[in-house]
Amino acid sequence: MSALGELYSEIESCELCEGLARTRNKVVPGEGADTAKIVFIGEAPGFHENQQGRPFVGQAGQFLDQLLSSIGLKRDDVYICNVIKCRPPENRDPLPAEIANCQRWLDRQLELISPQMIVTLGRFSLAKFFPGEIISKIHGKERNRDGVVYFPMYHPAAALHQQSLRQTIEGDMLKIPSILAQVNAVEEESNPQQLSMF
Ligand code: URA
């Protein structure tokens, strides 16, 4: 079993959040390429994700698939997960204690995948990496930290509730290829053996 597969087994048996462990149907660790250069991090599983054990498979997920395809990518080319791995009942916001309990899993996922770029989807994901920042101010602007490019975006579900955000989200997504191309150009300069954009 791969290191990520072993991690999934651990996540699936997690009972740190007693309430979520009791009410969940399936744990949703995440999915995608274990060598992905881009990791997308959402908030928490919703109804459909909790049924299927897979991230972003509901309406917001369909929009995320469209966004990926707008830059020539499929789900298998990237890695998709959430800040917390179990569905909060009635889709309430994740609690600070739940986010803190789940931090270990997200940290280990990122350690194993070691992506070049982390795309945060929505305010909970943004707050994990840039606490206190406001999404309306910093969405669509990349930041470098410790050799990783962070790229905050609105959550795809925001476009479902607020039509005016749809174009903003689509426009932000279209910036990703050139940001990644820049990162790769810098890496290729320091290591000419390394090629390929995604
Ligand atoms: N919203 C999220 O943040 N994550 C999912 O997996 C689905 C919807």
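All residue numbers in this chain count up from 1 along the given sequence.
Using a 4.5 Å heavy-atom cutoff, the side chains of P94 and V83 are not in contact. At a threshold of 4.5 Å between non-hydrogen side-chain atoms, the residues V28 and I11 do not count as touching. For the pair E31/R75, a side-chain contact is recorded, criterion being any heavy-atom separation below 4.5 Å from C-beta on. No side-chain heavy atom of V149 sits less than 4.5 Å from a side-chain heavy atom of R143. Residues L20 and P89 form a side-chain contact, since some pair of their non-hydrogen atoms from C-beta on lies under 4.5 Å apart. Between D172 and F151, some side-chain heavy-atom pair lies under the 4.5 Å cut-off. In this structure, C14 and V27 have side chains that are not in contact, with every pair of non-hydrogen atoms separated by 4.5 Å or more. At least one side-chain heavy atom of E6 sits less than 4.5 Å from a side-chain heavy atom of M1.
Atom OG1 of T120 and atom CD1 of I41 lie 7.5 Å apart (nearest 0.5 Å). Note that the CD atom of E142 and the CG atom of N144 stand 7.0 Å from one another [nearest 0.5 Å]. Interatomic distance, CD1 of I80 versus CG of L64, reported as 5.0 Å (0.5 Å rounding). I113 CD1 to D34 CG: the interatomic distance, rounded to the nearest 0.5 Å, is 7.5 Å. Atom CG of N25 is separated from atom CG of N50 by 5.0 Å, given to the nearest 0.5 angstrom. Between atom CG of residue N91 and atom CZ of residue F47 there is a gap of 9.5 Å, rounded to the nearest 0.5 Å.
Using a 4.0 Å cut-off between charged nitrogen and carboxylate oxygen, R123 and D93 count as a salt-bridge pair. In this structure, K137 does not pair ionically with E133, as no charged nitrogen and carboxylate oxygen lie closer than 4.0 Å. Between R92 and E98 there is a salt bridge, since a side-chain N of the basic residue sits under 4.0 Å from a carboxylate O of the acidic one. Using a 4.0 Å cut-off between a side-chain N of Lys or Arg and a carboxylate O of Asp or Glu, K74 and D77 qualify as a salt bridge. In summary, E49 and R54 do not engage in a salt bridge, as defined by a charged side-chain N under 4.0 Å from a carboxylate O. The pair E10-R108 counts as a salt bridge, with a side-chain nitrogen and a carboxylate oxygen less than 4.0 angstrom apart.
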Practice prompt. Verify side chain to side chain contact (heavy atoms under 4.5 Å, CB included) between Q62 and L160, making sure each step is shown before the conclusion.
Written response: CA-CA 11 Å; Q62 283 167 20; L160 308 176; over 6 Å; no
Practice prompt. Using the side chain to side chain contact (heavy atoms under 4.5 Å, CB included) rule, take E15 and R22 through it: C-alpha gap first, then chi angles, then the decisive distance, then the call.
Written response: CA-CA 8 Å; E15 300 202 339; R22 196 164 19 87; over 6 Å; no
Item to complete: Begin from the C-alpha positions of L7 and Q109 and carry the test side chain to side chain contact (heavy atoms under 4.5 Å, CB included) through to its verdict.
Response: CA-CA 8 Å; L7 179 61; Q109 280 172 310; 3.7 Å; yes
Fill in: Derivation and outcome, side chain to side chain contact (heavy atoms under 4.5 Å, CB included), residues V148 and Y150
CA-CA 6 Å; V148 179; Y150 291 84; 3.9 Å; yes
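Looking only at distances, no side-chain donor or acceptor of S125 sits under 3.5 Å from a matching main-chain atom of G122. Between the side chain of K85 and the backbone N or O of W105 there is no donor-acceptor pair closer than 3.5 Å. For the pair S13 (side chain) and S9 (backbone), a donor-acceptor distance under 3.5 Å is present. A donor-acceptor distance shorter than 3.5 angstrom exists from the side chain of S2 to the backbone of G5, with no hydrogens or angles considered.
What you find for G58 and H48 is that their closest heavy atoms are CA-CD2, 4.1 Å. Shown here for K175 and G140, the closest heavy-atom pair between the two residues is NZ-O, 3.1 Å. Nearest heavy-atom pair across C81 and G30 is CB-CA, 3.9 Å.
When V39, I179, L180 are each tested for a side-chain contact (heavy atoms from CB on, under 4.5 Å) with Q116, only one passes: L180.
A single hydrophobic cluster is not seen to contain both V57 and L67; linkage of ILVMFWY side chains at heavy-atom distances under 4.5 Å, directly or through other members, places them apart. L174 and V78 fall within a single hydrophobic cluster, where Ile, Leu, Val, Met, Phe, Trp and Tyr side chains are chained together by heavy-atom contacts under 4.5 Å. By the rule that hydrophobic residues join a cluster once side-chain heavy atoms approach within less than 4.5 Å of another member, I84 and F130 end up as members of one cluster.
In summary, the side chains of Q66 and E170 do not present any donor paired with an acceptor at a separation below 3.5 Å, with no hydrogens or angles considered.
Checked against the 6.0 Å centroid threshold, Y79 and F40 do not count as a close aromatic pair. Ring centers of H155 and F56: under 6.0 Å apart, within the cut-off.
Below 30°, between 30° and 60°, or above 60°: for Y154 and H139 the angle between ring planes is between 30° and 60°, a tilted geometry.
When the shell of 6.0 Å around CD of E12 is examined, it contains more than 12 heavy atoms from other residues, nucleotides or ligands.
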